[in-house]
There are 2 protein chains.
Amino acid sequence: MSESQTQQLEMTDLAIAGRATLKPIVEIASAAGIDEDDLELYGKYKAKVDVFRKKAGEANQGKIVLVTAMSPTPAGEGKSTTTVGLGDALALEGQRVVIALREPSLGPIFGIKGGAAGGGYAQVLPMEDINMHFTGDFHAITSAHNLLAALMDNHIHQGNALNIDPRRIQFRRVMDMNDRALRDVVIGLGGPTEGVPRESGFDITVASEVMAIFCLATSIDDLRERLSKITVAYTYDRKPVTAGDLNAQGSMTMLLKDALKPNLVQTIQGTPAFVHGGPFANIAHGCNSILATNTAREYADIVVTEAGFGADLGAEKFMNIKSRFGGLGPDAAVVVATIRALKMHGGVPKTELGQANAQAIRNGFANLKRHIGNIRKFGIEPIVALNRFTSDTDEELAIVEELVRAEGAEVAIANMWAEGGEGGRDLARKVIQAVEKPSNFHHLYDLDLSIEDKIATIVKEIYGGSGVEFSAAAKKRLEEINDNGWSNMPVCMAKTQYSFSDDAAKLGAPTDFTISIRDLQVRTGAGFIVAITGAIMTMPGLPKEPAALRMDVGDDGKAIGLF
Amino acid sequence: MSESQTQQLEMTDLAIAGRATLKPIVEIASAAGIDEDDLELYGKYKAKVDVFRKKAGEANQGKIVLVTAMSPTPAGEGKSTTTVGLGDALALEGQRVVIALREPSLGPIFGIKGGAAGGGYAQVLPMEDINMHFTGDFHAITSAHNLLAALMDNHIHQGNALNIDPRRIQFRRVMDMNDRALRDVVIGLGGPTEGVPRESGFDITVASEVMAIFCLATSIDDLRERLSKITVAYTYDRKPVTAGDLNAQGSMTMLLKDALKPNLVQTIQGTPAFVHGGPFANIAHGCNSILATNTAREYADIVVTEAGFGADLGAEKFMNIKSRFGGLGPDAAVVVATIRALKMHGGVPKTELGQANAQAIRNGFANLKRHIGNIRKFGIEPIVALNRFTSDTDEELAIVEELVRAEGAEVAIANMWAEGGEGGRDLARKVIQAVEKPSNFHHLYDLDLSIEDKIATIVKEIYGGSGVEFSAAAKKRLEEINDNGWSNMPVCMAKTQYSFSDDAAKLGAPTDFTISIRDLQVRTGAGFIVAITGAIMTMPGLPKEPAALRMDVGDDGKAIGLF
């Protein structure tokens, strides 16, 4: 949420959430057609839906609306808010709609960032619970991940029958916490009875391959199969060692079996929403779970879902990774844009984004224009949602409308932070028209291309770059990938979200740049190859004044200072 | 559970649990008089009870029966089974009864040990859930603990205004996992942007001071106050630094506020049971939460609860620590004994415990006799529960009955693993008689004694030792404790459970031994001083063939190999 928005309403997201009247989740489920016997309640307002009970007959397959964004400002353009608000607006338009969102990570809440449950009057509730422990999914993922790590180190300590080279272990531990001090550690110290000393580190839970797997699994059996394929290390003779080699997949599956059931909550307006899974959008694919999206489709005619960061990252991964593994494709895509982001891409410094500047908007439109073109490359006709801020003038909004229409695309001004679903009715009507047309969705590349060619395709078609350079380390990894027969996996690009290029400072729609692939990471369980450009942070730190210091529990038993 | 018992019934605890028919937890709660509005459901068979809602009128205060044991064999004497079975037996005898137990730790489940939810036909259910994530309490405790650690390391990294000496940090991180490699680690590596390098380590979550605090807190405010008092480190000039100095207590409380509500489940027979909190019984006090015990008293005429390890450890700490902080005292104490343990204390090797040996039983009785005498020192008349195993002969059981009666104590043969509550009706009747008498309960020592004198009192009165020796390190700690005004806290003895002495090999009722205090640990948040004798493991490791390797999820979606 932006500062101006907070000032406008003089209320925080937490305060707005606190004033909302929730319906019992059994009522929300019942209205959505979810059998009460399939519900596992977590208090009165949260439930898991047991999707593993056998059902008779053919399941409904609702249309999918993917909400993505132009290249964002550091504050974000309101993608989650638009996703939630669009769901509410579609409900107001008489549609049978279910929203599917990612779960927020606990760690960053104590740093600077708020949650990812929407904002203002377009939020999912109970906001406090969703942002804190929720139904325990991330804790289960943390446990499953760290059990595999413990089994691996124990295997080495107990004789190392698999001949694991402790210097070539790629599987680290995770914690759902912003804890800088755990980024690089040496473990196994203390002598021969305390394990084998080696370098390692902790990532935040959302960066775990187990998290990515959790979000891509289509069943318990698929989950187990993917877990068993995680490459944890290499032997002294450079052969990959998997979780399956350690026989860890069964106990990991056991730890995850309940978490894998999608979580049902509601928006302030009472629209049903699945909030489930939340992988990083850089080193992973950044979308909620396939099980949640597909379950939402069973109970809806339209499912509104989102993908992390800008469309060059989130939407590309949704369409090339999640869509492929989940057997689903979007029927429409909404690209969230803001006047502030357009100005920023037009060269305006951060401190002056609140000032009127028509020319900067026209200049910055190049960024949005490229995203519009990119969405069309997947066979989808994009709709631009212009997320209104209080500092925006009517003239500025009109400029953007004109520019988007000149591209032949639909555009709607949305004001859902302040007005909830009512603020998105124009957008909703345009989305309804879009999903009524047959979808021409297709992936951008075929899996039988080489990893180099897949990366080159993304760089040229989506980023607008001229080519790709591989570091020496990345070239070595490419050989390894080919030798091990891993080249038929899709690519997961880890790149800055601020630019189409790998340089966060190159705003707008840069051309004539090459993308440098520093390293490639093999995620054989998730089923993709991560291509790393620049420095990627997998364990955030806390700032000098962490948000945690303002948090407490009030006399009413509710959280204080959560947002 | 013993092998012979398993063979007898040819069913595992998990199989027995799986065949039981559970009642919806709302029915269990309703029968116990718990208002449905106070319930927060976690599925159909688990609920948290919101004890923080204001209630009118005076709360009922049921009698407390503490289940403890003689010095155990490595397999344990069936204390949890007796606790659960006695609760069921008391219900069969027409009593209004609620059970209060500890939550099992996730970590050891993947090693060798099973859960701590009773066994056979004296179990709490749903066993699978209770042993895996349950309602997320331990995960919340892990998060709160590690948030404090992250805030501390971040404080040092961001300028260290409190002047913390990184070499004198006593607060480690925790994980609910048996992970040997994390016992001793170096963190903060990687250069100036990655934190300050220092030695540290991970304990298992049940060893966390936050866990001890969680179990001793009587309200949200008391929880926050205790958290703020945790001593995390010392400054360069040796002044203690607390969680309160770091202003971490509010956010930690926020993470724990829901977990702090006691969890309600049921036994196989349908008796209500609170399963809540589970601190180590060596470096902490080893009892379920005060809030659970006191909530159980509100809804019961008799509460059956247990304390970890043998009576020299668990019962002593229950009566000197938990009782003191919780404003509660036992009205009766049940000492669980087995023929196998008596034989072991009579000098029989582990492999021959199944063979008849009357003389060994008579010799080993010295151990049980001392425990009987010890319970009386707290003003409580003990009842011996002789937990029957299939290898026990009638003659052997008769010998024990005769020996116990010669001490003027009551004894009952219990067979609750195989028979459930029916197997404990004689024990139940004797317990009912005992709680009808007025309690003369008192603590063993006054808090204004010095730490040395408190330890000496425990060593002489409970262990039967002749004196105490303090290491040089412990002496230095004593000075520090006196200088900081911490000497008025109770003592928490960390000692082997296998012997009254600090030498696990000294079985029976050893005399003329001294206890060596190797170190003292200050737990200013929990409010006790830990006196450490010998080596205490706070992070277990996995065995060569971890139980995890046999675990999985079946086609029915249920856990396989959990026990």
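Worth knowing before you read on, the calculation uses all heavy atoms, side chains too, and leaves out hydrogens, waters and symmetry mates. Just so you know, these numbers come straight off a predicted model, no measurement behind them. First the proteins, then the strands, lettered A, B, ... as listed; each starts at 1.
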* Asked: So which of B/Ser251, B/Gly188, B/Ser200 has the biggest tally of heavy-atom pairs under 4.5 Å with chain A?
  -> B/Ser251
* **Exam field: side chain B/Arg224 to backbone A/Asp552, donor-acceptor pair closer than 3.5 Å** => no
* **Heavy-atom pairs under 4.5 Å with chain B, option from A/Gly554, A/Ala150, A/Gly107 with the top count** => A/Ala150
* Structure fact -> Cut-off 4.5 Å, heavy atoms of chain A, and the answer for B/Thr193 is backbone
* So which of A/Leu147, A/Ile156, A/Asp556 has the largest heavy-atom pair count under 4.5 angstrom toward chain B? -> A/Leu147
* Asked: Would you say B/Asp555 has more than 12 foreign heavy atoms packed within less than 6.0 Å of its CG?
  -> no
* Structure fact -> When rounded to the nearest 0.5 Å, the distance separating CD of B/Glu40 from NZ of A/Lys46 is 7.5 Å
* Can you find a pair of side-chain heavy atoms, one from B/Asp179 and one from A/Arg173, that are under 4.5 Å apart? -> yes
* Which atoms of B/Arg180 come close to chain A, meaning under 4.5 Å heavy atom to heavy atom: side chain ones, backbone ones, both, or neither? -> both
* Asked: Below 4.0 angstrom, N of the basic side chain to O of the carboxylate: do A/Glu128 and B/Lys257 qualify?
  -> yes
* Non-hydrogen side-chain atoms of A/Ile187 and B/Phe202 separated by less than 4.5 Å -> no
* Kindly give the heavy-atom pair with the smallest separation between B/Ser143 and A/His139, and that separation in Å. => OG-CE1, 3.1 Å
* Which atoms of B/Lys544 approach chain A - backbone, side chain, both or neither, heavy atom under 4.5 Å -> both
* Max heavy-atom pair count under 4.5 Å with chain B, selected residue of A/Ala548, A/Ala559, A/Gly190 -> A/Ala548
* When heavy-atom pairs shorter than 4.5 Å are enumerated against chain B, which of A/Gln249, A/Lys558, A/Arg183 gives the highest number? -> A/Arg183
* Asked: Taking A/Asn154 for the side chain and B/Pro543 for the main chain, is one N or O donor matched with an acceptor at less than 3.5 Å?
  -> yes
* To do: Would you give the length of the straight line joining atom CD of B/Glu194 to atom CG of A/Leu182, rounded to the nearest 0.5 angstrom?
  => 11.5 Å
* Distance (rounded to the nearest 0.5 Å) between B/Leu255 CG and A/Ile109 CD1 -> 9.0 Å
* To do: Please name the pair of heavy atoms, one in B/Leu39 and one in A/Lys44, separated by the smallest distance, quoted to 0.1 Å.
  => O-NZ, 3.4 Å
* Shortest non-hydrogen separation from A/Pro546 to B/Leu151 and the atoms involved -> CG-CD2, 3.7 Å
* In terms of heavy-atom proximity below 4.5 Å to chain A, should B/Met539 be classed as side chain, backbone, both, or neither? -> neither
* Structure fact -> Output for pair (A/Asp258 CG, B/His133 NE2), nearest 0.5 Å, gives 7.5 Å
* Asked: Looking at A/Val186, A/Ile560, A/Asn178, which has the largest count of heavy-atom pairs under 4.5 Å with chain B?
  -> A/Val186
* Smallest separation among heavy atoms of B/Asn146 and A/Met175, with atom names -> ND2-CE, 3.3 Å
* Is a side-chain donor or acceptor of A/Asn247 paired with a backbone partner of B/Leu549 at a separation under 3.5 angstrom? -> yes
* **Close side-chain approach of A/Leu41 and B/Tyr42, heavy atoms under 4.5 Å** => no
* Return the option, out of A/Pro197, A/Ala140, A/Gly561, with the maximum number of heavy-atom pairs under 4.5 Å with chain B. => A/Ala140
* **Partner residues of B/Phe138 under the ring pair (Phe, Tyr, Trp, His ring centres under 6.0 Å) criterion, sequence neighbours left out** => none
* Structure fact -> Heaviest contributor of heavy-atom pairs below 4.5 Å to chain A, chosen from B/Gly195, B/Gly541, B/Ala181, is B/Ala181
* Would you check if the side chain of B/Gln158 reaches a backbone N or O of A/Leu542 as a donor-acceptor pair within less than 3.5 Å? => yes
* **Contact origin within B/His157 toward chain A - heavy atom pairs under 4.5 Å** => side chain
* Answer yes or no: is there a side-chain heavy-atom contact under 4.5 Å between A/Met254 and B/Phe110? => yes
